[in-house]
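Note on naming: letters A, B, ... go to the chains in the order of the sequence lines (proteins, then strands), and numbering restarts at 1 for each one.
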Amino acid sequence: MQAVDFYEIIDNGNDASVIKLIGNITQQTATPLIERLVFLTKTKDLKSLTVDMENVTEFDDFGALLLVELRQNILKKKGSFSLINDTREIKQILSLVNFDEHKTFKPASQKRTNGFVIRLGETFIEVADSIRFQISMVGSIILCIFHGCKKPSSIRWGDTIAHMEKVGVDALPIVSLISFLLGFIIAFMSSLQLQQFGANIYVASLVALAMASELGPIMTAIIVAGRSGSAFAAEISTMQIYEEIDALFVMGFSPTQFLVLPRLFASIIVVPLLTVFSNLFGIAGGLVIGITMLGLTPQSYIGQTFETLTLFEVVWGLFKSMIFAMLISWISCFYGFRARGGADSVGNAATSAVVSSIFFIILFDSLFAVVRSYW
Amino acid sequence: MATDTIIEVKGLEARYGELAVLENVTFDVFKGEILVILGGSGCGKSTLLRHMSGLTEPTAGRVYIDNVDITSCDEERFQETLRKIGILFQSSALLGSMTVAENVALPIIEYTELSNSAVNNLVRMKLSMVDLQNYENFLPSEISGGMKKRAGLARSLALNPKILFLDEPTAGLDPVAAAEIDALIKHLNEQTGTTMVIVTHDLESIFGVAHRIIMLDKDKKGIIATGDPQLLKDESMDENVQHFFKREPRVAPYVLEEILDGFN
Ligand SMILES: Nc1ncnc2c1ncn2[C@@H]1O[C@H](COP(=O)(O)OP(=O)(O)O)[C@@H](O)[C@H]1O
Ligand SMILES: [Mg+2]
């Protein structure tokens, strides 16, 4: 069927036309018709357009759309539009879609964009508000810890242990694998250089130092931020948008104590342990290269490792990882609590949590490096 | 199949694992009617709706929509049939990251070749149908529950479906908003002739809206009554049907006495 079948145009001279619509003007047929007729009215210089509905047998809101489009185009050119012979059914459909209101075309409005000053101000208020929120959160955490020291039973140890499992035990395979490969790569890369000087044995020192003081804590923290930081933010923001946190609050629970402390404690306990594993597996990765490529014996490699590593170096790494754990759980919970609106804010919270956590991990690591060099 | 039958459910069985929710459910839906499926919470109303609209495959039985067996037809016929139905979900199911207008425009852009300006006009007209013309640029999180239902309704009506499924359209709304939704449903049914299948436990709304009701029961796992709502209320001998209409709790009399004593 061709679109031509559905209409007939009668020219009355004097820039006036009558379009006679015929048959089914519904969803199935209207689309090509709209394109054709609108094109015709655009190209002809019409002063008045009359649409005759006498022979229309079926009509729905797509048909009404055709009329809306025609009328808008005619009115835009200061012409006149009229409808004749419309039956009661057609009138009903037209009133259902408020036909009389859609006389002028309103473009879909763009997202509101404010001026530079307004946006600057908005951003400033937002930042100030989030700083205020962070301060109050730190205060609330400290209060809760005091409270917990006075009354240890008020801390939710069950939740804490559950989180320790999720943050720690469940992350162990991936942390081990990545650290092993990391140690492997460092040893491999450095062996190419050190071999030239016959300094094979120092590969062990390099791997041990790099893992214990920098890469172990950082890699572990980044993995935990990606796995658990996002989970914290998603869990808490979901609770936030479903009013669960408000429910906790009115029941007299402190959301901080209920939600933040278990996650904070779990992370602080477990992330340093993960770091220990990371160090061990990193060194194991180096060991494989040492044995297979550098012709070292396991005894000499391990001996050299112990000789290089001081207790301070290891403890310093673990201390750093503890700080990273605090950062991750704090930042992630913060973004969780800040979530507002619908389900998409859960995704945003998780993304922001991971990105900010990693940023702050690196930032603090740099600070620690500076502190140590001036120590 | 009679010519005026648009959906035919035959021997439908639905189970979640071990738990059978519906057993041997058989009924027809006629063209242009408003059929209300009534029953208490948890009796399988949403489950039945999911099966009727092809979202879930039944463990046994068949569902015909417009003479197509959606439980066994090929993918192409299935997609074709899906285009004939619209669903208003219990939670409205608007996409949270899009404005009301963008939500309504989504199926129109996907399934028609209309120009941008025509899509725009059509979206406005659809929103006029549900009295939301001034909320085009609001996000779902910025409008009330009743408005969300109406926006969801506009979206499900976007492509003029022959059949509209509505899952508890008035649940969680205040009486005024609920009455508005009911009136809107009735109006749309009269004006567009769309067949409506409504699932609800809202007694208020059925008498005004339903042409016919089907009552489900949790223990019987199926239909216990079908027919005109007023007739059922006045004349049904079935104990469960009467319990539902009279809003009597189904507990033993002595328990009820104890509860009532507690109030005194
Ligand atoms: N995804 C599911 N898994 C297991 N059981 C379910 C699931 N969804 C619903 N049910 C069970 O099926 C029954 C019917 O549920 P539903 O159809 O949602 O009831 P209604 O909508 O009438 O309140 C309930 O007893 C519910 O516990
Ligand atoms: Mg339900």
For this session: Pick one of side chain, backbone, both or neither for B:A118, based on which atoms fall under 4.5 Å of a heavy atom in chain A.
Result: both
Exercise. By a 4.5 Å heavy-atom criterion (distance strictly below it), what part of B:A154 contacts chain A: side chain, backbone, both, or neither?
Worked result: neither
To the nearest 0.5 angstrom, please state how far the [atom1] atom of [X] sits from the [atom2] atom of [Y].
X      : Y      : atom1 : atom2 : value
B:L139 : A:D344 : CG    : CG    : 8.0 Å
A:Q27  : B:L159 : CD    : CG    : 5.5 Å
A:N98  : B:M125 : CG    : CE    : 9.5 Å
A:T26  : B:N160 : OG1   : CG    : 8.5 Å
B:L114 : A:L66  : CG    : CG    : 10.5 Å
B:E190 : A:Q92  : CD    : CD    : 8.5 Å

Indicate yes or no: at least one non-hydrogen side-chain atom of [X] is less than 4.5 angstrom from one of [Y].
X      : Y     : value
B:L157 : A:D61 : no
B:H187 : A:L96 : yes
B:S117 : A:Q72 : no

Enclosure of [X] [atom1] (heavy-atom neighbours >12, cutoff 6.0 Å):
X      : atom1 : value
B:Q90  : CD    : yes
B:D131 : CG    : yes
B:Y135 : OH    : no
A:F39  : CZ    : no
B:Q79  : CD    : yes
B:K186 : NZ    : no
A:K77  : NZ    : yes
B:E113 : CD    : no

Seminar exercise, completed: Closest non-hydrogen contact found for A:L65 with B:L122 is CD1-N, 3.6 Å
For this session: Check each atom of A:A30 against the heavy atoms of chain B and say whether the ones under 4.5 Å are side chain, backbone, both or neither.
Result: neither
Exercise. Using non-hydrogen atoms and a limit below 4.5 Å, what part of residues 227-246 of chain A faces chain B?
Worked result: none
For this session: Quick one: which of B:P140, B:S128, B:S141 has the most heavy-atom pairs under 4.5 Å with chain A, could you say?
Result: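 Maximum pair count with chain A is reached by B:S128.
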Exercise. Which of the residues B:L95, B:N121, B:T112, B:V119 is involved in the greatest number of heavy-atom pairs with chain A at under 4.5 angstrom?
Worked result: B:N121
